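First comes the structure, then the notes that go with it.
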Amino acid sequence: MSQCRKRCKRQLTKVARYFYRFLMGTLTQDSVEDDFELSTVCHRPESMDKLQEQTKFTKKELQVLYRGFKNECPSGVVNEENFKTIYSQFFPQGDSSMYAHFLFEAFDTNKNGSVSFEDFVFGLSIILRGTINDRLNWAFNLYDLNKDGCITKEEMLDIMKSIYDMMGKYTYPTMQDDAPREHVESFFQKMDRNKDGVVTVEEFIESCKKDENIMQSMQLFDNVI
């Protein structure tokens, strides 16, 4: 395996571990006591039984996830700025604000400017427990920034730039400025099967399933919780 691939795999593993820390609410030193005043919570989640029916988590897992979510978001919801602040702790050597914006947009399915525990858990259920098609559809939605059903080179370039900014030059000290654009061109060569300048969800899923590295990367999240 090349040094670049080894480095990318280490970073993906790092993301999975940090993601786990975010889920468990262990990014900060301060903890919320069991007798937290519920009157300060502005959003109460649906019953755990109902969430269990709607997701692929057990009731115990949902209880653990909720405790972690409440630790980070005592009000019961997180807005984009708070989400960016939390996510910035994952990658202190870079600027994660733009990637966090795209990720927040993917979780904010109601487009109301906030992510509730339900929003978060529904997304996690797909990412961590969904089928391959479920996960790839979710990833496609993340990359399809204007949600028009296809990914353009401009959208993918925005995503790639945000990832390189997030990783920082400390992680990629020899990375050239045109690396994101080269990555996009490689992406489209593999996935734009009919060469029409856009990647549809069908092209995306079909190409990803044939890419061994992508399939291995997805497996990193299989045993996060």
Side-chain angles (χ1 to χ4, degrees), residues 12 14-28 41-46 48 50-57 61-91 94-149 151 155-156 158-163 165-166 201 204-205 208 217-218 220-222 224-225:
L12 284 168
K14 183 178 181 182
V15 170
R17 288 173 179 169
Y18 279 144
F19 204 35
Y20 174 78
R21 291 174 61 200
F22 180 50
L23 304 181
M24 297 300 103
T26 55
L27 286 174
T28 61
V41 177
C42 66
H43 176 83
R44 297 176 187 276
E46 297 181 28
M48 291 300 174
K50 187 173 182 179
L51 287 177
Q52 183 180 353
E53 293 176 0
Q54 296 173 330
T55 67
K56 297 181 184 296
F57 295 123
E61 288 170 335
L62 287 168
Q63 289 171 341
V64 173
L65 288 171
Y66 180 62
R67 183 180 180 85
F69 187 87
K70 189 174 70 171
N71 282 355
E72 292 296 331
C73 315
S75 67
V77 295
V78 57
N79 61 29
E80 184 172 340
E81 288 308 308
N82 289 338
F83 188 87
K84 287 179 178 179
T85 299
I86 294 171
Y87 207 77
S88 68
Q89 298 175 65
F90 299 174
F91 301 95
D95 179 2
S96 63
S97 59
M98 187 53 67
Y99 187 79
H101 165 72
F102 296 143
L103 194 60
F104 182 87
E105 289 283 301
F107 276 106
D108 181 18
T109 55
N110 295 325
K111 304 305 174 191
N112 59 3
S114 65
V115 173
S116 66
F117 179 65
E118 293 93 332
D119 295 331
F120 198 53
V121 153
F122 291 153
L124 291 182
S125 180
I126 295 172
I127 297 168
L128 304 181
R129 299 284 169 82
T131 64
I132 293 297
N133 277 10
D134 290 339
R135 297 183 189 190
L136 290 176
N137 269 296
W138 196 92
F140 180 88
N141 181 65
L142 172 65
Y143 298 151
D144 178 15
L145 301 182
N146 66 359
K147 313 307 178 192
D148 67 348
I151 302 172
E155 287 174 319
M156 183 53 62
D158 286 343
I159 289 285
M160 287 299 106
K161 285 181 177 178
S162 73
I163 291 174
D165 287 344
M166 176 175 65
V201 65
F204 182 81
I205 291 176
C208 286
S217 298
M218 293 179 66
L220 291 173
F221 292 92
D222 284 347
V224 169
I225 59 174

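As the structure is a computational prediction, the values presented were derived from the model and not from experiment.
- Nearest heavy atom pair, residue Leu136 against residue Cys208, reads CD2-CB, 3.6 Å.
- In summary, Glu61 and Arg129 engage in a salt bridge, as defined by a charged side-chain N under 4.0 Å from a carboxylate O.
- No donor-acceptor distance shorter than 3.5 angstrom exists from the side chain of Lys56 to the backbone of Gly130, with no hydrogens or angles considered.
- Looking at residues two or more places apart in sequence or on another chain, you find a side-chain contact (heavy atoms from CB on, under 4.5 Å) between Ser97 and Lys84, Asp95.
- With contacts defined as side-chain heavy-atom distances shorter than 4.5 Å, the pair Leu103/Tyr87 qualifies.
- Summarising the geometry of Ala106 relative to Leu142, their closest heavy-atom pair is CB-CD1, 3.9 Å, with the distance given to 0.1 Å.
- Using a 4.5 Å heavy-atom cutoff, the side chains of Val115 and Val77 are not in contact.
- Partners of Glu155 by salt bridge (charged side-chain N to carboxylate O under 4.0 Å, His left out), not counting sequence neighbours: none found.
- Side-chain contact between Met166 and Lys161: absent, with no pair of heavy atoms (C-beta onward) separated by less than 4.5 Å.
- For Asp158, the side-chain contact (heavy atoms from CB on, under 4.5 Å) criterion is met by Phe102, Leu145, not counting sequence neighbours.
- Residues Phe120 and Leu65 form no side-chain contact, since every pair of their non-hydrogen atoms from C-beta on lies 4.5 Å or further apart.
- Residues satisfying the side-chain hydrogen bond (donor to acceptor under 3.5 Å, both in side chains) test with Asp119, not counting sequence neighbours, are Ser116.
- Distance alone, capped at 3.5 Å, is enough to place a donor-acceptor pair between the Asp144 side chain and the Asp148 backbone.
- Applying the side-chain contact (heavy atoms from CB on, under 4.5 Å) rule to Ile126 yields the partners Asp134, Trp138; only residues at least two apart in sequence or on another chain are considered.
- Side chains of Val121 and Tyr66 form no contact here, defined as non-hydrogen atoms less than 4.5 Å apart.
- Residues passing the side-chain contact (heavy atoms from CB on, under 4.5 Å) test with Ala139 are Phe204, sequence neighbours excluded.
- Minimum heavy-atom separation, Ser88 to Ser96: CA-OG, 3.3 Å.
- Here the closest heavy-atom approach between residue Phe104 and residue Asn79 is recorded as CE1-C, 3.5 Å.
- With values rounded to the nearest 0.5 angstrom, Ile163 atom CD1 is found 8.0 Å from Met156 atom CE.
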* To do: Give the C-alpha distance, both sets of side-chain angles, the deciding distance and a yes or no for side chain to side chain contact (heavy atoms under 4.5 Å, CB included) between Glu118 and Gln54.
  => CA-CA 10 Å; Glu118 293 93 332; Gln54 296 173 330; over 6 Å; no
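- Counting heavy atoms from C-beta outward, Asp165 and Met98 have side chains that stay 4.5 Å or more apart.
- Contact check for Phe57 versus Gln52: no side-chain heavy atoms found under the 4.5 Å cut-off.
- Between Cys73 and Ile86, the closest heavy-atom pair is SG-CD1, 4.4 Å.
- The shortest side-chain heavy-atom distance between Phe107 and Val78 does not fall under the 4.5 Å cut-off.
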